[in-house]
Each structure stands twice: as structure tokens, then as C-alpha cells.
Protein chains: 2
Amino acid sequence: MSKGLETKENILKSALELTSKFGLESLSIGGLAKSVGMSKSGLFSHFKSKEALQVKVMDYAAFKFTSKVIKPAIKEERGIPRLEKMMELWIEWSENYMAGGCPFVSSFVEYDDRPGVVRDHIMHLQKTMIGSFERAIQIAIDEKQLKTSESVQYLAYKVYSNMLGYHIYSHLLSKEQARKNFTKQFREIIQT
Amino acid sequence: MSKGLETKENILKSALELTSKFGLESLSIGGLAKSVGMSKSGLFSHFKSKEALQVKVMDYAAFKFTSKVIKPAIKEERGIPRLEKMMELWIEWSENYMAGGCPFVSSFVEYDDRPGVVRDHIMHLQKTMIGSFERAIQIAIDEKQLKTSESVQYLAYKVYSNMLGYHIYSHLLSKEQARKNFTKQFREIIQT
DNA sequence: GTTAAAAACGAACGTTCGTGCTAAAATATC
DNA sequence: GATATTTTAGCACGAACGTTCGTTTTTAAC
């Protein structure tokens with residue numbers, strides 16, 4: 001790998017950490033440069049604008065999410081086991097790996113009312129993410145492991161809002177309490 | 001009412017709108033001053049710092065939430081009817097009144113990793129809000145309208161994560177679809 | 001080892017940020 | 001209507017913002 005790509009990866013790694021903690025908008029070129037130990041202009045030249053940087057950061061987040069949550073889960077047996085693994089890994093991702101909470105949630109909330117390239121990209125990634133859940137749920141239905149008459153999109157909504165609840169509660173109360181609630185509701189969703 | 005309080009109210013009204021759309025952090029003194037039609041320093045002198053302004057804005061949001069959602073709901077019959085009214089008004093509040101989404105959700109996500117007065121205040125308000133739901137749910141249990149063995153805190157978690165799901169989905173898909181999902185899940189929560 | 005390309009730097013740009021002042025204008029009190 | 005108080009404006013500050021520039025250093029290719 002060339003030097004350029006290497007530092008670019010380094011930058012994005014730091015940028016994602018900062019984004020997780022403080023949000024995509026407060027990500028400043030100067031601050032980011034300081035945190036990776038290089039000059040503002042040197043960093044800037046890798047991306048040609050702040051918008052481009054933000055888009056790249058979200059892409060990096062999506063890449064990490066796929067490799068840490070989606071891909072490993074697919075190794076699991078089709079249906080409920082895979083779905084369960086996905087939930088487990090998602091919690092792990094947002095609990096251990098993303099110190100400041102899921103960057104998709106925070107960036108979405110931040111940008112849902114700011115038209116532009118960044119918002120469009122975030123929305124697209126979010127939809128892709130929900131699509132992954134829907135696909136896993138559909139498989140569980142096909143495999144007759146989910147004896148429900150509900151639509152896939154509604155089940156995905158329940159799964160996803162449960163995640164959101166966990167996300168907020170884990171910062172509001174204790175992580176343990178949030179996790180208990182999350183697991184309990186997930187059980188209910190797949191058992192009805 | 002004195003002139004001072006009047007303009008202060010005016011400022012907070014504008015500030016809450018901006019916060020709902022763009023988040024509590026992007027609320028700038030200069031921008032806010034322009035939007036209410038007064039000078040930066042003139043506005044600034046009403047609050048002694050930006051932090052104080054942010055706190056006041058959230059207080060104003062809480063005040064509005066109480067008067068638009070909580071108080072009217074209490075006029076409804078105790079138990080499920082009151083809880084239902086609360087949900088209905090909450091949706092209305094975040095759909096019609098708060099153009100850019102619920103300011104509690106966005107500000108919480110924005111500040112959950114930034115220690116300081118603002119975060120503490122947001123957390124406190126958020127807990128108060130959940131407390132209101134829990135109280136309404138407790139009443140429904142006391143009135144034997146909820147034949148569930150679940151704890152109040154867990155039921156509130158379900159109600160609240162359902163709201164979060166609605167919040168995200170209404171910006172991601174259509175408001176109608178989001179609302180359908182929300183209503184359906186709420187029915188399930190109060191019927192099991 | 002020389003050379004061409006890529007990467008990083010330092011300085012400066014025009015803006016905007018939050019925050020102090022002081023003075024003028026508007027309001028309230030008597 | 002005069003006086004005291006509150007409210008607003010104007011101006012300036014240092015810092016940080018994203019961005020551009022020309023230059024120097026580092027890397028890659030031959």
C-alpha cells in the first residue's frame with residue numbers, strides 16, 4: 001500500500017472515533033489534524049473539501065460496520081441464529097468499538113434537516129443498513145423460524161427502534177439496564 | 001410583561017425552531033440574532049454566555065413539551081386513554097410543531113458525550129420526560145387497564161424506543177409509514 | 001543515484017465564532 | 001416631564017473555521 005492510502009486510512013480511523021464521540025459536524029480539519037499529528041493543510045489535501053471528508057468518514061463507518069457486524073453474522077446459520085448474532089455484534093460494535101455511540105444514529109439525527117451531499121449519503125447508508133436487517137429477517141421467515149404474519153418492513157422497524165432505544169438508554173441509564181431491555185424486547189419480537 | 005422578557009421569549013422561540021432544525025450546537029449567537037432581527041451583542045446581553053442560552057433553550061423546549069403534550073393529556077381519563085392521548089400529542093408535537101424533529105432526541109444524541117452543564121441539563125430533562133411516561137403507565141397498571149406483568153420501566157422503554165423509531169423512520173421513509181408502524185407497535189405494547 | 005511525482009508543511013486569506021466593552025436609545029418610575 | 005433603569009447597538013478582541021497557495025520534504029520509478 002502506498003504512503004498516501006496508509007495515512008488516509010489513519011486519518012479516517014481517527015475521524016471516525018471523533019465522529020462517534022462528538023458528531024460528524026464538529027469534526028474540524030484542524031482538530032482532526034492535531035489528533036493524527038499532521039498539519040491542517042497536509043490533511044486537507046487528501047480530501048478536497050470538508051464535505052468530501054465527511055462522506056468518506058461515513059463510508060469508512062459503513063465499511064467497518066459491514067466487516068464487524070454484517071459479515072461475521074452471515075457466517076452464522078440462516079434464520080434466527082444469524083439475526084441473533086447480528087444483534088449481539090451490533091451491540092458490541094456500538095458499545096466497545098464505537099466509544100461515543102453509533103455514528104449512523106448520531107449523524108442521521110444531525111443531518112436529517114440539512115439538505116446536501118452529506119445528508120443524502122447518510123440516508124443512503126442508513127437505508128442500506130436497514131436493508132441488511134430486512135434481508136436477515138426475510139430469511140428467517142423463509143426458513144419458517146418466524147411464525148409471524150407481520151410484514152418484513154414492520155419487523156425491521158421493531159428491531160431497529162429497539163436498537164435506538166438501547167442506544168439512548170445506554171447513555172441515559174446503565175449499559176446493563178439498557179441491554180436487559182434490549183434483549184427482552186428482541187426475544188418478544190422473534191417469538192410472537 | 002416587561003420588554004426584556006418579551007424579547008427573551010421571542011429569542012427563545014426562534015432559537016427552539018433553529019435547534020429543532022439544525023441542532024443545539026449549530027445554534028450561533030450571530031445567526032440567531034439575525035433571525036430575530038437584532039444585534040449580536042444585544043441578544044447576547046440577555047444571556048450571559050452561550051451555555052446559558054443553550055440551557056434556556058432546552059428549558060423552553062421542556063416548557064413547550066409540557067404545555068403541548070403532557071398537560072393536555074392529563075385532562076384525558078386516567079389509564080390507557082391518557083396514555084394514548086399522550087402518544088398522539090407527542091407525534092403531533094414532533095410532526096407539526098417541531099419542524100426538524102424532537103429537540104430532546106437530537107440534543108441528547110449531540111451532547112451525550114460532551115461533559116458539561118448542557119449535557120447534564122439535557123439528561124435531566126430527558127429523564128423527567130421518561131418519568132412522565134412511567135407515571136402514566138403506572139396509573140394504567142393501577143387502574144387494571146394494563147394486564148401485564150412487565151415492570152413499568154420496561155414498558156416505558158418500549159414506549160420510548162417506539163417513539164425513537166418513529167422519529168428516525170419519519171425522516172427516512174414517509175411520515176405515513178412511520179406513523180403506521182408506530183401505532184401498530186403501541187397497540188401491541190398495551191395489549192400484551 | 002537521478003529524476004519525477006506525491007505528500008506534507010507553514011503561512012495567509014476572509015469569515016464566523018463567543019465574548020467583552022462603552023455609548024446610545026428605549027422603557028419604566030415617580 | 002424629569003430621572004433612573006433597562007435594553008439595544010456598535011465596535012473590537014482573539015481564536016478557530018475551511019480553504020488556497022507556494023515551498024519543502026518524502027516517496028516511488030527508472
Side-chain angles (χ1 to χ4, degrees), chain A residues 1-19 21-60 107 110-111 114-119 121-122, chain B residues 1-19 21-60 107 110-111 114-119 121-122:
Chain A
M1 177 152 58
S2 73
K3 181 80 199 310
L5 288 181
E6 208 172 274
T7 54
K8 209 164 177 175
E9 170 104 17
N10 236 343
I11 293 169
L12 288 175
K13 191 165 175 285
S14 269
L16 183 53
E17 276 174 28
L18 289 174
T19 297
K21 277 193 194 151
F22 307 115
L24 189 61
E25 206 211 345
S26 356
L27 187 67
S28 75
I29 312 270
L32 181 56
K34 192 165 284 178
S35 97
V36 297
M38 63 187 292
S39 73
K40 212 165 64 149
S41 54
L43 189 150
F44 183 83
S45 67
H46 279 279
F47 317 87
K48 296 178 307 177
S49 72
K50 189 185 179 184
E51 264 197 349
L53 166 67
Q54 290 172 315
V55 167
K56 284 274 196 286
V57 170
M58 291 314 294
D59 275 338
Y60 186 74
S107 67
E110 253 185 313
Y111 277 89
R114 297 184 212 214
V117 195
V118 180
R119 181 186 71 167
H121 200 68
I122 290 171
Chain B
M1 179 151 56
S2 73
K3 181 85 198 307
L5 287 181
E6 208 171 276
T7 55
K8 208 164 179 177
E9 169 104 17
N10 237 341
I11 292 169
L12 288 174
K13 192 166 177 282
S14 269
L16 183 54
E17 277 172 30
L18 289 172
T19 298
K21 277 193 193 151
F22 307 115
L24 189 61
E25 207 211 345
S26 348
L27 188 65
S28 74
I29 311 270
L32 181 56
K34 192 165 286 180
S35 95
V36 296
M38 62 186 293
S39 74
K40 213 167 66 152
S41 54
L43 188 149
F44 182 81
S45 67
H46 278 279
F47 316 87
K48 297 179 307 180
S49 71
K50 189 184 179 183
E51 264 196 349
L53 167 66
Q54 290 171 316
V55 167
K56 283 274 194 287
V57 169
M58 291 313 294
D59 275 339
Y60 186 74
S107 66
E110 253 185 312
Y111 278 88
R114 298 184 211 212
V117 195
V118 180
R119 181 184 72 167
H121 199 70
I122 290 171

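Keep in mind that the numbers below use all heavy atoms, side chains included, and drop hydrogens, waters and symmetry copies. Sequence lines set the chain letters: A, B, ... in the order given, protein chains first and strands last, and positions in each chain run from 1.
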Got a list of protein N/O to nucleotides 17-20 of chain C N/O distances below 3.5 Å?
unit_1: C:dC17; atom_1: OP1; unit_2: B:Ser28; atom_2: OG; d: 2.8
unit_1: C:dG18; atom_1: OP1; unit_2: B:Lys50; atom_2: NZ; d: 3.0
unit_1: C:dG18; atom_1: OP2; unit_2: B:Ile29; atom_2: N; d: 3.0
unit_1: C:dG18; atom_1: N7; unit_2: B:Lys40; atom_2: NZ; d: 3.1
unit_1: C:dG18; atom_1: O6; unit_2: B:Lys40; atom_2: NZ; d: 3.4
unit_1: C:dT19; atom_1: OP2; unit_2: B:Lys50; atom_2: N; d: 2.5

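Between A:Lys56 and A:Ile11 the shortest side-chain heavy-atom distance does not fall below 4.5 Å. A:Glu17 has its side chain within reach of A:Lys13: a pair of non-hydrogen atoms, C-beta onward, lies under 4.5 Å apart.
Atom NE2 in A:His46 sits roughly 19 Å away from atom P in C:dA5 (whole-Å rounding). Atom CG of A:Leu5 and atom P of C:dA8 are 11 Å apart (whole Å). Following rounding to the nearest Å, A:Lys34 (NZ) and C:dA8 (P) show an atom-to-atom distance of 19 Å. Between the CE atom of A:Met38 and the P atom of C:dA8 there is a distance of 5 Å, given to the nearest Å. C:dA7 atom P lies 15 Å from atom CD of A:Glu9, rounded to whole Å. Rounded to an integer number of Å, the gap from B:Glu6 CD to D:dT6 C1' is 14 Å. D:dT20 atom C1' lies 15 Å from atom CG of A:Leu43, rounded to whole Å.
Scored by the side-chain contact (heavy atoms from CB on, under 4.5 Å) test, A:Ser45 finds no partners at all (sequence neighbours excluded). With sequence neighbours left out, the side-chain contact (heavy atoms from CB on, under 4.5 Å) criterion links A:Ser41 to A:Ser39.
Proximity of B:Thr7 to the phosphate of D:dT7: no side-chain N or O atom is located under 4.0 Å from OP1 or OP2.
Expressed to the nearest 0.5 Å, how far CG of B:Leu12 lies from CG of B:Asp59 amounts to 9.0 Å.
Under the 3.5 Å distance criterion, the side-chain polar atoms of B:Glu110 are matched with a main-chain donor or acceptor of B:Leu24.
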